[in-house]
Colleague: 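This is the structure I have questions about; it appears just below.
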Protein chains: 2
Amino acid sequence: MSRQTGPARPSLTRDDVLDAAAALVKQHGPRALTMRKLAAELGTAVTSIYWHVGNRESLLDALVERTVADLGAITPGGRTPAQRIVSVARALRRQLRDHPHLVAMVHERGLTERMFQPAAQALVHEVHAAGLRGARAAEAVRAVLFQVVGFVLVERNRERSPAQHPGDQELWDVPAAEHDPALARALARGPQPERLFTASVRALVDGLLAGD
Amino acid sequence: MSRQTGPARPSLTRDDVLDAAAALVKQHGPRALTMRKLAAELGTAVTSIYWHVGNRESLLDALVERTVADLGAITPGGRTPAQRIVSVARALRRQLRDHPHLVAMVHERGLTERMFQPAAQALVHEVHAAGLRGARAAEAVRAVLFQVVGFVLVERNRERSPAQHPGDQELWDVPAAEHDPALARALARGPQPERLFTASVRALVDGLLAGD
DNA sequence: ACCTGAACACCGTTCAAGT
DNA sequence: ACCTGAACACCGTTCAAGT
């Protein structure tokens, strides 16, 4: 249970701590990140870690901060503004899915706004290009952001607890699909997140751009 | 730190435990629900609780189960199917907001599907009335459910950590609002959840019903 | 059937002490 | 400036023992 990567280290760095913490989180999630396990992994006393990062909470803060900073830009693609908005949403979801524990951690820390700043900037631009102005435009941007983050949160959770207590089949079938076997089948099959996400965002964007 | 409600209790009941647990969660959230605090609150030994509920995890499971069961029906209102779908979404959000810790607990336990069964049934009905069939209908139902749950999750979190690290103002203003002071102001003001929610759901539903 | 205290293995964190 | 062990106050859970 000592350091497994890299050569002998002269003295412990704040970055060493962050690296080891990141590795632990990546493998077993934030709950498995224990100050004591971390110390064991680094081959130091628990209290050394406190000297470098303050405490567990600020360690996690720093970790999130660093991960967010490394995310990379979001560049829209597509011809129409609607297409480009959808592509931003998909890129954002992709980023979040690539760092499975990040969403929850960002979410718990209330850093959502900061985290989605690049995506938000892109969205502002595209929404403007689509002709929305003022409060309507702001609302559209936020609607998409909430949609994406919310979706990924729900989706991530579905994956973590794979066997929903009542299986999808048994849960849906009774009176739901009224004379519509195709609907019944689709419900029983369970959601297909990729399709569902794209369809949802597209519908939302269409609705937002259409006006009321 | 002993029992504060009701008269002397002859012997500890599983329901007593659940009641006390519910009270603790209601006041300070699930994290504050400690087996030892709970025992203190009930005036019993910690180990008695284990006899009645197994362990902390199943205690929380039971708590969620009971709360969900007590939620009450969702009855759509409005004239057009679109209006009725929006009203289901709003009713669902209302239910979730009335039990501030419920969403997160349900979410963590992967009981989302079960929890939204009543709302889902109503949605299936309305979506069908709106003319959607088969896989399209199923997708619409799920899109709305994901939208509502995701929104409430994001929203709840925003409330828990009120001061976003960079304030909304400073975060948004730089290049975002291009020659659109009203947009800049709206972004700086921060979201108005009630309005945003309604607008989002309406847009999503419009988009879903419009077809692609 | 129900309740108890003692004990175990884990936490995060502080602090005085070392180099 | 950096690292250490000891200690504190908390956890969840098990178990043998009581009534």
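Keep in mind the model is a prediction, meaning the values are calculated, not measured. Sequence lines set the chain letters: A, B, ... in the order given, protein chains first and strands last, and positions in each chain run from 1.
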Colleague: Which atom pairs link the protein and nucleotides 5-7 of chain C when you take only N or O atoms and keep those under 3.5 Å?
Modeller:
| residue | atom | partner | partner atom | Å |
| --- | --- | --- | --- | --- |
| C:dG5 | O6 | B:Thr47 | OG1 | 3.1 |

Colleague: Can you check the B:Arg56 CZ to D:dG12 P distance for me, whole Å?
Modeller: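 Answer to the nearest Å: 6 Å.
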
Colleague: Just so I know, are the side chains of B:Arg158 and B:Pro191 near enough to count as touching, which here means a heavy-atom distance under 4.5 Å?
Modeller: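 Heavy-atom side-chain distance check passes, below 4.5 Å.
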
Colleague: Once you round it to whole Å, what is the distance between P of D:dG12 and CZ of B:Arg31?
Modeller: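 Taking atom P of D:dG12 as the reference, CZ of B:Arg31 is at 12 Å.
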
Colleague: Could I get the full list of side chain to side chain contact (heavy atoms under 4.5 Å, CB included) partners for B:Thr47, not counting sequence neighbours?
Modeller: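 Partners of B:Thr47 by the side chain to side chain contact (heavy atoms under 4.5 Å, CB included) criterion, ordered by chain and then number, come out as B:Ala45.
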
Colleague: Whole angstrom is fine here: how far is it from CD1 in B:Ile49 over to P in C:dC2?
Modeller: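 Rounded to whole Å, this separation is 15 Å.
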
Colleague: Return the set of residues passing salt bridge (Lys or Arg N to Asp or Glu O under 4.0 Å) with B:Glu65 (not counting sequence neighbours), or none when no residue passes.
Modeller: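 Applying salt bridge (Lys or Arg N to Asp or Glu O under 4.0 Å) to B:Glu65 gives B:Arg114.
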
Colleague: If the condition is salt bridge (Lys or Arg N to Asp or Glu O under 4.0 Å), which residues does A:Glu139 pass it with, not counting sequence neighbours?
Modeller: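 Only B:Arg195 meet the salt bridge (Lys or Arg N to Asp or Glu O under 4.0 Å) criterion with A:Glu139.
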
Colleague: Which whole-number value in Å describes the distance from A:Tyr50 OH to D:dC3 P?
Modeller: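 Going from A:Tyr50 (OH) to D:dC3 (P), I get 16 Å.
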
Colleague: Before accepting this row, confirm whether a basic side-chain N of the pair A:Asp180/A:Arg185 lies closer than 4.0 Å to the acidic partner's carboxylate O.
Modeller: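 So A:Asp180 does not pair with A:Arg185 through a salt bridge.
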
Colleague: Identify whether any heavy atom of B:Thr34 sits under 4.0 Å from a base atom; if not, whether one sits that close to sugar-phosphate; answer base, sugar-phosphate or nothing.
Modeller: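 Sugar-phosphate contact only.
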
Colleague: Give the dot-bracket string for DNA chain D, reading 5' to 3', where a pair is Watson-Crick or G-U wobble with both distances under 3.5 Å, ( ) marks pairs inside the strand, [ ] marks pairs crossing earlier ones, | marks a partner on another strand, and . marks unpaired.
Modeller: ||.|||||...|||||.||

Colleague: Just to verify, what does A:Pro76 make a side chain to side chain contact (heavy atoms under 4.5 Å, CB included) with, not counting sequence neighbours?
Modeller: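 A:Pro76 satisfies side chain to side chain contact (heavy atoms under 4.5 Å, CB included) with A:Arg84, A:Ser87, A:Val88, A:Ala122, A:Glu126 once adjacent residues are dropped.
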
Colleague: For B:Arg56, which residues count as a salt bridge (Lys or Arg N to Asp or Glu O under 4.0 Å) partner, sequence neighbours excluded?
Modeller: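 B:Arg56 satisfies salt bridge (Lys or Arg N to Asp or Glu O under 4.0 Å) with no other residue.
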
Colleague: Output the rounded distance in Å from CG (B:Asn55) to P (C:dA9).
Modeller: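 After rounding, the reported distance stands at 20 Å.
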
Colleague: Going by salt bridge (Lys or Arg N to Asp or Glu O under 4.0 Å), name the residues that satisfy it together with A:Arg94, two or more places apart in sequence or in a different chain.
Modeller: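 Scan of A:Arg94 (salt bridge (Lys or Arg N to Asp or Glu O under 4.0 Å), adjacent residues dropped) gives none.
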
Colleague: Whether A:His52 contacts D:dC3 is assessed here as follows: a side-chain N or O lying under 4.0 Å from the phosphate OP1 or OP2. Is that the case?
Modeller: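 For D:dC3, OP1/OP2 do have a side-chain N/O of A:His52 under 4.0 Å.
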
Colleague: Could I get the full list of ring pair (Phe, Tyr, Trp, His ring centres under 6.0 Å) partners for B:Phe197, not counting sequence neighbours?
Modeller: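 Counting only residues at least two positions away or on another chain, B:Phe197 forms a ring pair (Phe, Tyr, Trp, His ring centres under 6.0 Å) with B:Phe151.
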
Colleague: Between C:dC11 and A:Lys37, is there an OP1 or OP2 to side-chain N/O distance shorter than 4.0 Å?
Modeller: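 It does, given that an N or O in the side chain of A:Lys37 lies less than 4.0 Å from OP1 or OP2 of C:dC11.
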
Colleague: Find the distance A:Met35:CE to C:dT13:P and express it as a whole number of Å.
Modeller: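 Result: 6 Å.
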
Colleague: Atom CH2 of A:Trp51 and atom P of C:dA16: how far apart are they, to the nearest Å?
Modeller: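 Distance check: A:Trp51 CH2 to C:dA16 P gives 18 Å.
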
Colleague: Between B:Asp15 (CG) and C:dC2 (P), how many Å, whole number?
Modeller: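 One finds 13 Å between P of C:dC2 and CG of B:Asp15, rounded.
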
